[in-house]
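If you're wondering where the values come from, they're calculated on a predicted model, not measured in any experiment. In what follows, every heavy atom counts, from backbone to side chain, and hydrogens, waters and symmetry copies are set aside. Proteins get letters first, then strands, A, B, ... in listed order; numbering begins at 1 in each.
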There are 2 protein chains.
Amino acid sequence: MLFRPNPSLGVPIYLQLMEQVKHAVETGALRPGDQLPGIRPLAEELVINPNTVAKAYRELEHEGVIELRHGAGAFVTAHGGGRKAADKVRGAQPVVAAAVERLRARGLTDEEIRRLFEAELAGLTRAGGPRG
Amino acid sequence: MLFRPNPSLGVPIYLQLMEQVKHAVETGALRPGDQLPGIRPLAEELVINPNTVAKAYRELEHEGVIELRHGAGAFVTAHGGGRKAADKVRGAQPVVAAAVERLRARGLTDEEIRRLFEAELAGLTRAGGPRG
DNA sequence: ATCACTGTGCTAGTTAACTAGTACAGCGAT
DNA sequence: ATCGCTGTACTAGTTAACTAGCACAGTGAT
């Protein structure tokens with residue numbers, strides 16, 4: 001399953017879908033020209049409303065990530081950096097996996113881990129500091 | 001500034017506040033017995049509605065993280081693991097900081113980094129796999 | 001007793017997210 | 001030409017988030 005929004009996170013479902021589509025494109029799991037799951041089948045699979053999927057797809061099209069073709073489907077655009085950019089993100093996956101592995105080995109919960117990362121990215125830690 | 005919700009994330013503000021309070025407690029930035037910022041002053045500081053802060057505080061009290069005393073203020077409870085647990089989370093900060101540093105050095109944006117972590121925690125990567 | 005803080009609880013309003021449902025239009029294979 | 005898919009667009013409803021505002025009650029210092 002390529003996409004799997006988690007309603008209990010409190011993040012709007014359509015936003016999670018958008019993030020997950022972008023991530024799939026960034027890692028090369030979806031490449032330019034690839035077709036995305038249809039609005040209705042994906043909605044059924046995720047047990048959400050097709051309008052929610054359609055909203056996510058419309059926003060993604062507005063951002064230039066995908067292209068919607070009436071009657072044909074949704075496709076990944078060739079806007080990104082292509083192979084090299086995907087390699088960069090995919091190449092970074094082991095860094096993230098290793099960090100998460102180490103944190104879990106230390107006994108931290110996924111919630112604690114998520115909060116640590118959010119704090120770091122937001123520049124709320126002493127070590128991180130604000131970023132312009 | 002200890003707390004700083006980001007409205008543009010799409011995550012409800014009261015949830016972000018909750019996460020940030022929990023994080024502060026987990027890292028020892030707030031210790032049992034410490035008083036939290038008042039509802040009204042914090043709302044003014046963050047330019048949000050006092051009811052939003054109050055909602056976050058009520059939920060945190062419901063989860064046992066803080067204690068609300070009518071007329072006195074909001075205080076961190078002694079429910080957690082105390083010094084040792086805070087050391088564990090705070091000790092993990094350099095792991096996160098180092099990982100984020102390395103990812104940024106590779107040219108990844110904060111959004112890309114965030115998506116990588118969310119995917120890893122959600123078990124959506126090949127390396128991560130689903131977790132029970 | 002008073003004051004300036006604190007939290008508590010409520011009304012009323014707007015906006016956003018999500019749902020269920022429906023009908024229409026385009027595409028591509030047959 | 002038809003069919004089964006695809007996206008498009010809309011109505012109508014519920015729920016949640018957030019706001020502005022107000023009044024009340026508790027606390028602790030003076």
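- Distance CD (A:Glu44) to P (D:dG7): 13 Å, rounded to an integer number of Å.
- Contacts of A:Arg69 with the nucleic acid, taken as non-hydrogen atoms under 4.0 Å apart, involve only primed sugar atoms and P, OP1 or OP2.
- For the pair B:Arg31 and B:Asp34, the salt-bridge criterion is not met [side-chain N within less than 4.0 Å of a carboxylate O].
- Boundaries of the chain B contact region on DNA chain C are C:dT6 to C:dC10, first to last in 5' to 3' order (nucleotide atom under 4.0 Å from a heavy atom).
- Atom CD1 of A:Ile66 is separated from atom C1' of D:dT8 by 14 Å (rounded to the nearest Å).
- If you find the closest nucleotide of DNA chain C to A:Tyr14 and to B:Gly71, the one lying nearer the 5' end belongs to B:Gly71.
- The separation between A:Gln35 atom CD and D:dC5 atom P is 14 Å, rounded to whole Å.
- Residues B:Arg40 and A:Gly73 each lie close to DNA chain D; by heavy-atom proximity, the contact nearer the 5' end of the strand is made by A:Gly73.
- In this entry the distance linking CG of A:Asn51 with P of D:dG7 reads 12 Å, nearest Å.
- Residue A:Glu111 places its CD atom among 12 or fewer non-hydrogen atoms of other residues, nucleotides or ligands, all under 6.0 Å distant.
- The residue B:Pro7 sits apart from the nucleic acid: no heavy atom pair falls under 4.0 Å.
- The main-chain N or O of B:Arg4 is found under 3.5 Å from a side-chain atom of B:Gln20 such that the two form a donor-acceptor pair.
- Cation-pi check for A:Arg114 over B:Phe117 is not met; the charged atom does not lie both under 6.0 angstrom from the ring centroid and within 45 degrees of its normal.
- Between B:Ala72 and A:Pro41, it is A:Pro41 whose nearest contact on DNA chain D lies nearer the 5' terminus.
- In this structure, NE2 of B:His70 is placed 8 Å from C1' of D:dC24, rounded to the nearest angstrom.
- B:Glu59 contributes no side-chain N or O that, together with a main-chain N or O of B:Ala56, makes up a donor-acceptor pair within less than 3.5 Å.
- No side-chain donor-acceptor contact under 3.5 Å links A:Arg106 to the backbone of B:Val89.
- With a 6.0 Å radius and a threshold of 12 heavy atoms from other residues, nucleotides or ligands, B:Arg90 has its CZ atom above the threshold.
- Counting atom types as modelled, B:Asn49 pairs no side-chain N or O with a base atom of D:dG21 as donor and acceptor under 3.5 Å.
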